[in-house]
Amino acid sequence: MRKTAVNIARLLLALTFILSGFVKAVDPLGTQYKIHDYLAAIGLASIVPDFGTLASSVILSATEFLLGICLLFAIRRRLVSKILVVLMTLMTLMTLWLAIDDPVTDCGCFGDALVLTNWQTFWKNVVLLAAALIVWRYPLDMPRLISESNQWIVMNYSAFFILVIIAGRSLYTLPQFDFRPYHVGTNLREGWQRMMEGEDSPYTEFFIESTDEGEDITEAVLGSQGYTFLLVAPHLENANDSQFDRLNSIYEYCLENGYQFYCLTASTQRGIGRWQDITGAEYPFCNTDETTLKTVIRSNPGLLLLNDGVIIRKWSHNTLPSDEELGARLEGSPLGRLPNDNAAEKILWILTWFVLPLVLLTIADRLWAWSKWLRRKNNNPLNSEHKIMRKKIVAGNWKMNMNLQDGIALAKELNETLKADKPNCGVVICTPFIHLASIAQFLDQDIIGLGAENCADKEKGAFTGEVSAEMVKSTGAQYVILGHSERREYYKETPEILKEKVLLAQKNGLKVIFCIGESLAEREAGKQNEVVKAELEGSVFNLSEEDFRKIVIAYEPIWAIGTGKTATAEQAEEIHAYIRSIIAEKYGNAVAEDTTILYGGSCKASNAPELFAKPDIDGGLIGGASLKCADFKGIIDAWKK
Ligand code: PEP
């Protein structure tokens, strides 16, 4: 029930964000104009340059789209759900202000594709905020559609699609989907006439005035039979003039063939004069409302071709038709007819080039995960004659904490507690050297094993301050932790040093708990598998099968140690399974299945049951939570659940 609710909320948010990001990216200039309107409402429009609002428009649409994709595929679930809560809280507050103050008429959240009133937008955001809160509360209830190792493909492909194919292409040519009342196929003449007859119409601001006498010539322009080219340039002052030759030659083509050509602009007479000087333009100029011109075509300048008042073509200044395309006369040329490309074809194109590859990738990924699972299941010695020998263990690592008296008191308390309530797993405490001999005197080592946190890489001799494996053993301890990330980092213990330590520990009859794990930077770069493999190969993969069988592995992601951040049970299981698979490659399946692999890193009584429930997690190596009897016991009891 809870999972269903979380996944309905996830789907609702994902689809809304994908749709809203997509329609904004389809029309980056439209979104830019909207951002400008918002800035104007708060009095900041004049200080933000045009490229700033355009960049914000592209970034905003790509961010929305990618957040939707992340949610759909359950990528970085916890981070994404937190971002969504913050975003939706801000958006809800902002739209409440819009609804109350009404500084802009429509919020523009779905571009021109779906226009909502400000109150409708506010209530939509309330629903989405509630959905974001549900997802944020239980992010791990969203199953992944794709394994972590392949998520980068989805993200990069989606980013490329939305930024280059959709937004970039729309900016260079024109929006692939035109939701405005000036799209190809619109009968502008009829629409305008209906408006003149008093009907509700989107063309109330559409008028054309001659620049010399200010006479309204809309009817003459739209009413004329045959072909009319309208060069639309809201602002000639900042219009792109790189194609002026092409424009001039299209104008000449019109003169030769008796077609009309007008340039519609909101620029002043000065702006027009400057444009004429720069480009040598001889075509007639007319005035039209600026906002209307920006709505007609998303290009400055852009070109429209009308036939009997119907818009049959639109071009951005980057894609103006060549002489060959125009043909001798438009009447005989394909350009002179309404094109037959339609929205269905464009949607099919997107389905083929964006949706289909992702669906195929997801299917391939799931098949791969399933075949891996099947292989593991078939190789599982439980399915053969082999009986799994691996032990469940909860081991404490006291680190440099507690003086002798406090340490003895804790060990005694734990000893009594576990004697009274027997654990369901092996329990080990690894303490500083000074505690070992004293604790060994009273510890019931049938219930609690005792271990050191380190030993020297030399057998004996003039190594002041060091404690050898033999000395550790002589205290009565049976275990030793080696390769802990703190020793690797602060005491520069290299794989070679650790190799020596492992050999000496085993020679003296100590059982080694060997730690491996990646740093945050390595995890973020997706290198965790590489790192743990190298750590195993560097130190313990040199052992004979017989000696390797005596090793306990502890996987401890460095970013989770003492930080309060735990790897999710899925993350931990994924890498534990990987570690087991490389042990299997090296020593065979039976050894791999018998090897105890512990998880370490902010493990607590609250998260231990979920972690220990995973098939490849055989217990934990516990730092902070092993310093209090009750906390440690809570984790040990996870094996009873
Ligand atoms: C550790 O250092 O081994 C460890 C797991 O620490 P903590 O449990 O405090 O993260």
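Positions are given from 1 along the sequence. Each ligand, and each atom within it, is numbered from 1 in the order the structure gives.
Of the protein's heavy atoms, G623 N, 2.9 Å lies nearest to atom 8 (O) of ligand 1. Ranking the protein heavy atoms by distance from atom 2 (O) of ligand 1 puts K399 NZ, 2.5 Å first. Nearest protein heavy-atom contact of atom 9 (O) of ligand 1 is G624 N, 2.8 Å. At the shortest separation from atom 5 (C) of ligand 1 among protein heavy atoms lies E556 OE2, 3.0 Å.
Using a 4.5 Å heavy-atom threshold, the side chains of I551 and T595 count as separate. Looking at R77 and E570, their side chains come closer than 4.5 Å, going by heavy atoms from C-beta outward.
Heavy-atom contacts of G601 reach the following atoms of ligand 1: 5 (C), 10 (O) (cutoff under 4.0 Å). Listed by atom number, the atoms of ligand 1 under 4.0 Å from G600 heavy atoms are 5 (C). Near G562, meaning under 4.0 Å from one of its heavy atoms, ligand 1 places the atoms 7 (P), 9 (O), 10 (O).
Ring geometry for F354 versus F65: interplanar angle of 30 to 60°, hence tilted.
Of the heavy atoms in A560, only backbone atoms (N, CA, C, O) come closer than 4.0 Å to ligand 1. Counting heavy atoms under 4.0 Å from ligand 1, residue N397 touches it through the side chain alone.
At a 3.5 angstrom cut-off on N or O pairs, A625 does not count as close to ligand 1. Between I561 and ligand 1, no pair of N/O atoms sits closer than 3.5 Å. The distance criterion of under 3.5 Å between nitrogen or oxygen atoms is met by H484 with respect to ligand 1.
Looking at E535, its side chain does come within 3.5 Å of a backbone N or O of G517 through a donor-acceptor pair.
Look at D457 and K501 and you find no salt bridge, because none of the NZ, NE, NH1 or NH2 atoms lies under 4.0 Å from a carboxylate O. Ion pair R2/D141 flagged as a salt bridge, since at least one NZ, NE, NH1 or NH2 atom sits closer than 4.0 Å to an Asp/Glu carboxylate oxygen.
With 3.5 Å as the limit, one finds no donor-acceptor pair spanning the side chains of Q528 and E522.
Judged by the 6.0 Å distance and 45° axis criteria, K412 is positioned over the aromatic ring of F442.
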